[in-house]
Number of protein chains: 2
Amino acid sequence: MPLSKTNNLVSCDNFASQVLIQLKQDILTGFFKPGEKLLMARLKERYQVGISPLREALSQLLVEQLVIVENQRGFRVHPISKQEMLDIYETRASIERLCIGLAIEKGDDEWEANILACAHKMNKFAEQIEKSPQEWELRHQAFHTAIAEGCLSPTLLQVRRSLYEKAARYRNLWLNTNMVDPKTFDDNQNDHRLLVDALLNRDSALAKQIINEHLLSPSRLLSKNFQD
Amino acid sequence: MPLSKTNNLVSCDNFASQVLIQLKQDILTGFFKPGEKLLMARLKERYQVGISPLREALSQLLVEQLVIVENQRGFRVHPISKQEMLDIYETRASIERLCIGLAIEKGDDEWEANILACAHKMNKFAEQIEKSPQEWELRHQAFHTAIAEGCLSPTLLQVRRSLYEKAARYRNLWLNTNMVDPKTFDDNQNDHRLLVDALLNRDSALAKQIINEHLLSPSRLLSKNFQD
DNA sequence: AATTATAATAATGTCGACATTATGTAGTTA
DNA sequence: TAACTACATAATGTCGACATTATTATAATT
């Protein structure tokens, strides 16, 4: 292993896993644009590693469908399409409904308590959303994850995570100007309140209906912004 | 690229993708046992490639959760557990129900026709199952895939494929002696007939119930064979 | 001028080598 | 005998170098 890095890094997983995180971030946030060629020389330069860890990270992103590989012509960022966006959002909604249905069946006191805790942390940050949108996104995500985790199925939660990432990419790419329309935001916050109520009342049908709308309405918004 | 292989291989994807297929097969069929250490030297020997393509293939299997990586101690085959097996089968059943629900909504004439065609090819092979279990498995899989494809969602079908593989691993590992109990087999074939009828009648509830039982009854069988 | 042929340039995919880290073993001490 | 240290062995993770293949630019021919 090379010298310069061993001393600097505390938790030294291999380089590939470090690169994986950064590269994924760069694709999700649109630093590397959809369809863009991923030149090895460029990646080497940017992440300061050799080719081997890079190819390992790219191999993993290949499975997650964030990059594509062309026979002997290297890697590209996975292209985007309106059609794929809609498919991802529809599937995501289906999976989330599934998680919520199971969570309502299986969730215990701690599940309920954790939802309320995460909801609180999210709401506390509602005013500062302008200040740090990414921190709000983190808390928003934590809230929804707390709900889904009640399903107690690692396998299902893994699927959910993967779909969240793919959806996040479209959100980041198409809502480039962080449009936080106050009306939309208030509607969203209302969704959250109604959702928590439905969950605590174990009203599965209502909760599923709310989450469905909550997840699909952004996709309809995105759909307008993008002609394909 | 090395010399010896370039001439021999017709469709020359990179070595990593070739190794991926073989290595996955070896894990799914239990040639490499759960939890087993995957020595680079051994893998190099077996697949006749260098370390780089191997690590790329392993990186992909890492995402698919068929191998695990230990900090600086290389790769192992992903361990198995009764708990994980049950989780995978439950999730798989949920996803399959989802696919079937959507397929019944969206499926057209061609969808119906393809199901019948695949059912026919499967039934034709029913007697020869002893002769070539893997060919029967192929046709069985094609039948169920034909049904699921009616959902018209690439994203969802991808999830389905991944879960199928994980489940297949447990099936291969625990049903080591290819136990084709005639009674069970006939029940299965009956499931298939009833399922096709329900699909053509667009009876979503019934179809979901049948597929659920069809997928979960093996898991109950496996469950008995394995103490954890 | 358009199209093909040819050369040069660039980028990929692979291996071998090397430094780092883990594992196993013998030897020493209490 | 148990436990700890020191050493030897083995395995991993990374880079640089090289052969193969693709891409671009240039020349040649119709």
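Labels below follow one simple rule: chain letters A, B, ... track the order of the sequence lines, proteins then strands, and each chain is numbered from 1.
Along DNA chain C, the nucleotide nearest to B:Ile51 and the one nearest to A:Gly74 differ in position, and the one closer to the 5' end is contacted by A:Gly74. Checking A:Gly50 against B:Ala41, the closest nucleotide of DNA chain D that is more toward the 5' end is the one next to B:Ala41. Comparing A:Lys37 and B:Pro53 against DNA chain C, the residue whose closest nucleotide sits nearer the 5' end is A:Lys37.
Residue B:Leu54 is out of contact with every strand shown, counting any heavy-atom pair closer than 4.0 Å. Across all strands, A:Leu58 comes closer than 4.0 Å to no nucleic acid atom at all (heavy-atom distances).
Inspection of the B:Asn172 and B:Thr29 side chains reveals no N or O donor paired with an N or O acceptor under 3.5 Å. For the 3.5 Å distance criterion, the side chains of B:Tyr170 and B:Glu84 qualify, holding a donor opposite an acceptor. Counted by atom type alone, A:Tyr164 and A:Gln141 present one or more donor-acceptor pairs between their side chains at under 3.5 Å.
Closest approach to the B:Phe15 side chain among C:dT14, D:dG13, D:dG16 is made by C:dT14 (side chain taken as heavy atoms from C-beta onward). Ranking C:dG13, D:dC15, C:dC15 by closeness to the A:Ser52 side chain, first place goes to D:dC15. In this structure, the nucleotide among D:dT21, C:dT23, D:dG13 sitting nearest to the side chain of A:Asn14 is D:dG13.
One finds no side-chain N or O of B:Arg73 lying less than 4.0 angstrom from the OP1 or OP2 phosphate oxygen of C:dT21. In terms of phosphate contacts, A:Arg55 brings a side-chain nitrogen or oxygen within less than 4.0 Å of OP1 or OP2 of C:dG13.
For the pair A:Arg42 and A:Phe32, the cation-pi test (distance below 6.0 Å, angle within 45°) is failed.
Atom CD in A:Gln72 sits about 20 Å away from atom P in D:dC18, given to the nearest Å. To the nearest angstrom, P of D:dT12 lies 9 Å from CZ of B:Phe75. Between the P atom of C:dA11 and the NZ atom of A:Lys44 lies a distance of 12 Å, rounded to the nearest Å. As a whole-Å value, the separation of A:Glu56 CD from D:dC15 P is 10 Å. In this structure, CG of B:Asn71 is placed 14 Å from P of D:dT12, rounded to the nearest angstrom. Note: CG (B:Leu62) to C1' (D:dT12) measures 15 Å, nearest angstrom. If you measure from atom CE of A:Met40 to atom C1' of C:dT14, you get 12 Å, rounded to the nearest angstrom. Rounded to a whole Å, the CG atom of A:Leu39 is 12 Å from the C1' atom of D:dT23.
At its two ends the helix from C:dA1-D:dT30 to C:dA30-D:dT1 runs along axes set 10° apart, each axis drawn from five pairs and the angle rounded to 10°.
With sequence neighbours excluded, no residue satisfies ring-ring contact (aromatic ring centres under 6.0 Å, His included) with A:His78.
The aromatic rings of A:Trp136 and A:His140 lie parallel to each other, with less than 30° between the two planes, well short of the 60° mark. Ring planes of B:His192 and B:His214: perpendicular class, angle over 60° (limits at 30 and 60°).
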(request) With salt bridge (charged side-chain N to carboxylate O under 4.0 Å, His left out) as the test, would you mind laying out the steps for B:Arg161 and B:Glu165 before giving the verdict? (result) CA-CA 6 Å; B:Arg161 209 169 5 252; B:Glu165 284 181 357; over 6 Å; no
